Every structure is written in structure tokens, then in C-alpha cells.
Amino acid sequence: MPATPSAPRGQKMKGETVTTMDEVKKRADVLAEALPYIQKYDDKIVVVKYGGAAMLTEGARDSVMRDIVLLNQIGVRIVLVHGGGPEISDTLKQLGKETRFIDGLRYTDAETAEIACMVLAGKVNKSLVSLIHKAKGRAIGLCGVDDAMLRVKKTDKADLGFVGDIVAVNVNAVRSALDGGLIPVIATVGVDENGQVYNINADTAAAEVAAALGAEALIMMTDVRGLLRDKDDPDSLIPEISADDIPGLVASGVISGGMLPKVDGLRAAIAHGLKEAVVIDGRVPHAILLELLSDSGFGTLIK
Ligand SMILES: Nc1ncnc2c1ncn2[C@@H]1O[C@H](COP(=O)(O)OP(=O)(O)OP(=O)(O)O)[C@@H](O)[C@H]1O
Ligand SMILES: [Mg+2]
């Protein structure tokens with residue numbers, strides 16, 4: 001629907017199909033149902049991690065940013081943390097730079113770390129900020145280097161080059177932005193004590209930022225329906241799981257790859273007092289509105 005309704009009352013908007021009274025009633029019910037949720041999240045901090053295939057097309061990004069603006073407009077203090085792995089890969093390819101993977105993880109040499117910073121904190125970050133402004137919201141783009149928000153040290157998990165583990169989080173700039181009515185949009189590159197820039201997993205960073213802010217909720221938007229019992233079977237969704245049951249699923253190999261930092265991050269944030277932690281399908285139109293403002297929560301709730 002266009003930003004300014006253009007059809008005369010009672011007539012169809014461009015692209016709309018016939019609207020029956022039943023459909024009108026359903027729409028009204030959904031709007032009315034939102035009231036307790038709007039009240040619940042009023043003035044509360046909600047951190048949204050947005051990444052993966054769910055953010056590949058301009059159309060998908062545009063729609064999600066409009067939802068973010070809507071939430072901000074009704075009083076939710078939204079913080080957006082974004083990934084952008086596929087765009088880093090594309091740029092490396094364009095520059096003719098080969099990517100080396102170690103156990104499925106990208107080896108980040110000094111030049112790759114620079115390119116990751118350029119793509120994430122530049123291209124991807126500014127495109128999201130611009131889309132928020134296009135939707136008549138107000139956003140500020142930040143990255144972990146700004147005000148040394150995400151201090152890192154070289155990860156000791158494997159020799160992955162300039163991939164950082166977070167050692168300290170400083171959310172002063174994020175709070176200032178929120179207090180000024182802005183939506184902080186955070187690219188997850190970090191900095192070490194020598195000023196070297198590192199690539200950080202965006203899920204891990206989102207969880208650390210949520211914990212440091214004392215956020216009410218952390219929502220991970222991804223490109224699958226949620227946590228699956230079999231990652232190749234979308235019908236195997238686990239709707240609800242206790243954080244204590246996660247290590248078992250990791251040990252048995254049910255949770256792997258890109259889902260690992262998500263569940264680890266959500267568990268850590270819950271241990272820090274986060275009330276709500278969910279993984280939802282960012283490919284579903286208005287997924288975040290359905291999750292936060294309606295009775296029909298979907299995806300995986302981690303408790
Ligand atoms: N048990 C599981 N349930 C669901 N997905 C799983 C599971 N185990 C592994 N995965 C994988 O995790 C992937 C999601 O993580 P991935 O890192 O690819 O995306 P993202 O974090 O949303 O994006 P980005 O890393 O760009 O920010 C899924 O596409 C799926 O292949
Ligand atoms: Mg990921």
C-alpha cells in the first residue's frame with residue numbers, strides 16, 4: 001500500500017483484490033489485537049538482528065525497514081543490528097579476491113577485514129539507513145568502531161585472521177541515539193586496542209548489544225522458519241525451547257553452521273536477563289509486526 005492512501009474511501013487501491021466484509025473484519029481484528037502489545041513494548045528496547053538471504057533484495061529490505069519505522073513510531077525503542085555476509089562475498093569476487101574457508105568459516109586477512117568494514121559499515125549500513133529515511137523514519141548508522149562500541153580481541157577459537165571475539169561493549173552512543181528519537185542501525189565490525197578493525201559475527205554482536213542495553217526482547221530475523229529439528233525440513237520447526245535444552249541439540253548436531261552463533265547469543269542474552277528471545281523467518285512479509293504486535297507469534301521462542 002502506498003504511504004499516502006490514494007484510493008477514494010470504499011474503493012480498491014492499486015493492486016488490491018476484492019475485499020469482502022469478512023476480510024475487512026479480519027483486518028480490523030488484527031489492528032485491535034495490537035493494543036496490549038503496543039502498550040507492552042511502549043518505551044522498551046527491542047534489538048532486531050537482520051541478516052542473510054532475508055536482506056538480499058531491495059524490496060525485502062524496504063519492507064522490513066518500513067516495519068521498523070512503524071514500531072519506532074508507536075514508541076518501541078528499536079535497535080537494528082545487521083549482517084551482510086553475501087554482500088562481502090560479492091565485493092570480494094568483484095575485486096578478484098579469493099575467499100579461503102576454514103571449517104566453513106571465512107578466513108579474514110587484513111585486506112578482507114578492510115573490505116568487510118567498507119561493505120558492512122558503508123554500503124549495507126547506509127542503504128538500510130536510507131530506506132528508513134525513505135519510510136519517513138529517523139535513523140543513524142553506527143558500527144562497532146564508533147565510540148569503540150564493540151571492543152574485540154583476535155578470536156582464539158581458530159586461526160581465522162582478523163575475526164574478533166567481543167571483550168567489551170560500550171552502548172553510550174546507542175543510548176544517545178535512542179534518547180534522541182533515532183533508530184540506531186549497527187554494522188558489526190569491531191576494533192582492538194591498536195585500532196585494527198575486525199569482522200564480528202552479527203548474531204553474537206546483537207546478543208551482546210541487547211544484554212548491555214538491558215533490552216526487553218531480541219529478535220533474530222533469518223532465512224529459515226526458525227530453529228528446525230532437521231535443517232533441511234521446514235516442517236520440523238521447534239516452536240518453543242528452553243535455553244537449557246540447547247547444548248544437547250548442539251552436541252547432537254541438530255544445530256550447526258549459522259544457527260550456532262544465534263542460539264549461543266540468545267542463550268547468553270537470556271542469562272543476562274533478556275525477557276524474550278526469538279528466531280523468526282525474515283522472508284515472511286511483516287514477520288516482525290506479526291511477532292511483536294499480534295497473537296500469532298511464530299518462529300522459535302527461546303525461554
Ligand atoms: N537446526 C537448524 N535450524 C535452522 N537452521 C539451521 C539449523 N542448523 C543450521 N542452520 C543453518 O543456519 C542458517 C542461518 O544462519 P546464516 O548465518 O546462514 O544466516 P543469517 O545469520 O540470518 O545471516 P548473516 O550471517 O548474513 O547475518 C540457515 O540457513 C541454516 O542453513
Ligand atoms: Mg549468520
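Computed from heavy atoms alone, side chains included, the values below leave out hydrogens, waters and symmetry copies. This one's a predicted model, so the numbers in the text were calculated from it and none came from an experiment. Counting starts at 1 for both ligands and their atoms, following the listed order.
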With sequence neighbours excluded, what pairs up with S63 under the side chain to side chain donor-acceptor pair (under 3.5 Å) test?
none

N/O donor-acceptor pairs under 3.5 Å from side chains in residues 42-55, not counting sequence neighbours:
{"unit_1": "K49", "atom_1": "NZ", "unit_2": "D203", "atom_2": "OD1", "d": "2.6"}
{"unit_1": "Y50", "atom_1": "OH", "unit_2": "A54", "atom_2": "O", "d": "2.9"}

Residues in side chain to side chain donor-acceptor pair (under 3.5 Å) with K231, at least two apart?
none

With no hydrogens and no angle check, just 3.5 Å: does a side-chain donor-acceptor pair link D109 and T112?
yes

Compute whether any side-chain donor of one residue and acceptor of the other, for E291 and Y37, lie under 3.5 angstrom apart.
no

Does ligand 1 have any N/O atom under 3.5 Å from a protein N/O, and what are those pairs and their distances?
{"unit_1": "ligand 1", "atom_1": "1 (N)", "unit_2": "L228", "atom_2": "O", "d": "2.8"}
{"unit_1": "ligand 1", "atom_1": "1 (N)", "unit_2": "V254", "atom_2": "O", "d": "2.8"}
{"unit_1": "ligand 1", "atom_1": "3 (N)", "unit_2": "L228", "atom_2": "N", "d": "2.9"}
{"unit_1": "ligand 1", "atom_1": "8 (N)", "unit_2": "S256", "atom_2": "N", "d": "3.2"}
{"unit_1": "ligand 1", "atom_1": "8 (N)", "unit_2": "S256", "atom_2": "O", "d": "3.4"}
{"unit_1": "ligand 1", "atom_1": "12 (O)", "unit_2": "M259", "atom_2": "N", "d": "3.4"}
{"unit_1": "ligand 1", "atom_1": "21 (O)", "unit_2": "K49", "atom_2": "NZ", "d": "3.2"}
{"unit_1": "ligand 1", "atom_1": "21 (O)", "unit_2": "K262", "atom_2": "NZ", "d": "2.4"}
{"unit_1": "ligand 1", "atom_1": "22 (O)", "unit_2": "T222", "atom_2": "OG1", "d": "2.6"}
{"unit_1": "ligand 1", "atom_1": "22 (O)", "unit_2": "K262", "atom_2": "NZ", "d": "3.4"}
{"unit_1": "ligand 1", "atom_1": "23 (O)", "unit_2": "G52", "atom_2": "N", "d": "2.8"}
{"unit_1": "ligand 1", "atom_1": "26 (O)", "unit_2": "G52", "atom_2": "N", "d": "3.1"}
{"unit_1": "ligand 1", "atom_1": "27 (O)", "unit_2": "K49", "atom_2": "NZ", "d": "2.9"}
{"unit_1": "ligand 1", "atom_1": "29 (O)", "unit_2": "D223", "atom_2": "OD1", "d": "3.0"}

Dump the intermediate steps for salt bridge (Lys or Arg N to Asp or Glu O under 4.0 Å) on K154 and D165, then the final yes or no.
CA-CA 6 Å; K154 195 171 169 63; D165 281 339; over 6 Å; no

